[in-house]
Amino acid sequence: MTKTPPDGFRAPGAADRQEAATLVRCARAGVLSLIPEPGGPPDVSRVGLATDIDGAPIFPVSSLSGRGPALESDRGAALFIGEIGKGDPLAHGRVSLTGRCMRCDGEDWDRARDRYLARHPKASLYIDFEDFSLWRFEVAAAVYVGGFGRAYHMEAGDVVLDAAGAGALARAWGAREAGAREHMNDDHSDAVALYARAFVGAGPGAWHLSGIDPTGLDVRKGDDHRRIWFDAPLSGPGDMHRGLVELVGVARARLDAEESAK
């Protein structure tokens, strides 16, 4: 049942949901807002971002920042994501997430660390320091603004995968996703570059696969991060190899068609 959006907001369509989710999946950093004390002013800080398998943002925090108690509390949190470009900054898309922060432990920490480093390789200089921990932002709701006159109130499922099965999904994909990503980058970098050219109009260069999940791929070249969405979600981690191989054929066909059309 579709909920009526609050006054001033539109009901999002499929394209709007994908735009918002793309912003989250591609973000290098965001602005995290916490409430250190009940009734007190918010604490706002920049955090580096990657995403978990389900699309939930993950970020590192140092205990030296003093934010541990606020992160551990049930007072909620907000995360703002959005980069500005040329022209009026309000004409560019941004998404505001509300929810709470959950510490990553055990295999969740291993997976979060691996995916964060795939997005930010230079974080290897500090990510294992004793004062650092990794956190997931559990999305409860979102507001996506795609520019002037385009404001949408969204539910968690509009920007991340089904929250009810997020833990099982992440654990099922974890090690297999990391191995597939490493294999593609080490042995099939030409295919990764092909994906980037065919599906997101990227130029030539050393493109790397930074994430694989049921709904798509994340690729990066330096600080340029792009999202490639599958036409249909993969049914499980066992489909990764087949999906990546089939995507090569689709990419080649698309580039050949574009070349023939010139």
Side-chain angles (χ1 to χ4, degrees), residues 12-28 49-55 81-87 91-93 95 114-122 144 146-147 150 158-161 173 176-262:
D16 308 310
R17 296 185 184 95
Q18 190 171 100
E19 287 177 15
T22 298
L23 276 178
V24 175
R25 289 280 189 178
C26 293
R28 297 178 57 239
L49 293 178
T51 54
D52 208 341
I53 300 293
D54 62 337
I81 294 170
E83 298 288 340
I84 61 172
K86 294 181 179 179
H92 296 277
V95 61
D114 179 75
R115 287 184 63 88
Y116 192 83
L117 290 179
R119 176 68 59 87
H120 304 283
K122 292 184 179 179
Y144 170 57
R150 294 187 60 215
D158 292 328
V159 291
V160 298
L161 300 182
W173 278 72
R176 297 186 69 169
E177 185 267 345
R181 179 166 24 88
E182 182 178 354
H183 172 65
M184 291 296 294
N185 288 329
D186 290 347
D187 300 328
H188 300 288
S189 57
D190 55 336
V192 179
L194 188 68
Y195 297 153
R197 287 175 54 210
F199 300 116
V200 289
W207 286 90
H208 296 271
L209 195 57
S210 58
I212 310 171
D213 61 81
T215 56
L217 308 176
D218 299 315
V219 295
R220 69 169 180 85
K221 183 178 73 171
D223 293 335
D224 187 355
H225 297 266
R226 309 283 183 97
R227 175 69 175 175
I228 299 169
W229 294 95
F230 296 141
D231 289 336
L234 301 180
S235 60
D239 279 349
M240 269 191 284
H241 179 266
R242 177 190 58 77
L244 292 170
V245 170
E246 289 180 354
L247 207 59
V248 169
V250 175
R252 286 177 176 155
R254 178 173 295 193
L255 291 174
D256 288 345
E258 291 177 356
E259 186 63 28
S260 298
K262 291 181 180 179

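Scope of the values below: all heavy atoms of this structure, side chains included, with no hydrogens, waters or symmetry mates. This one's a predicted model, so the numbers in the text were calculated from it and none came from an experiment. Starting from 1, each residue takes its place in the sequence as its number.
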Side-chain polar contacts of residues 250-260 - donor-acceptor pairs under 3.5 angstrom, sequence neighbours left out - could you list them?
from	atom 1	to	atom 2	distance (Å)
Glu259	OE1	Lys262	NZ	3.4
Ser260	OG	Asp256	O	3.0

(request) Begin with the C-alpha distance, continue with both residues' side-chain angles, and end with the deciding distance and a verdict on side chain to side chain contact (heavy atoms under 4.5 Å, CB included) for Glu177 and Asp213. (result) CA-CA 8 Å; Glu177 185 267 345; Asp213 61 81; over 6 Å; no

Any donor-acceptor pair under 3.5 Å linking the side chain of [X] with the backbone of [Y]?
| X | Y | value |
| --- | --- | --- |
| His208 | Gly222 | no |
| Lys221 | Arg226 | no |
| Arg17 | Pro12 | yes |
| His92 | Lys86 | yes |

(message) Applying salt bridge (Lys or Arg N to Asp or Glu O under 4.0 Å), can you list everything that pairs with Asp223, at least two apart in sequence or on another chain?
(response) Arg28

(message) I'd like to check Met240 versus Leu234 (side-chain heavy atoms, cut-off strictly below 4.5 Å). Are they in contact?
(response) yes

(request) Would you mind reporting whether Ser210 and Asn185 have side-chain heavy atoms less than 4.5 Å apart? (result) no

(message) I need the Arg25 CZ to Leu217 CG distance, nearest 0.5 Å.
(response) 10.5 Å

Taking all atoms of both residues into account, what is the closest heavy-atom pair of [X] and [Y], and its distance?
| X | Y | value |
| --- | --- | --- |
| Arg220 | Pro121 | NH2-CG, 3.1 Å |
| Arg150 | Asp16 | NH2-OD1, 3.0 Å |
| Ala202 | Trp207 | CB-CZ2, 3.2 Å |
| Gly238 | Arg176 | CA-NH2, 3.6 Å |

(message) Taking CD in Glu246 as the centre, count heavy atoms belonging to other residues, nucleotides or ligands within less than 6.0 Å. Is the count above 12?
(response) yes

(request) Applying side chain to side chain contact (heavy atoms under 4.5 Å, CB included), run through Leu23 and Tyr144 and close with a yes or a no. (result) CA-CA 10 Å; Leu23 276 178; Tyr144 170 57; 3.7 Å; yes

Under 3.5 Å donor-acceptor pairs involving side-chain atoms of residues 186-200, not counting sequence neighbours:
from	atom 1	to	atom 2	distance (Å)
Asp187	OD2	His183	ND1	3.0
His188	NE2	His183	NE2	3.2
Tyr195	OH	Leu244	O	2.6

(request) Take Arg227 and Thr215 through the test side chain to side chain contact (heavy atoms under 4.5 Å, CB included) and record every step on the way to the result. (result) CA-CA 10 Å; Arg227 175 69 175 175; Thr215 56; 2.9 Å; yes

(request) Could you walk me through whether Asp218 and His225 pass the side chain to side chain contact (heavy atoms under 4.5 Å, CB included) test, one step at a time? (result) CA-CA 7 Å; Asp218 299 315; His225 297 266; over 6 Å; no

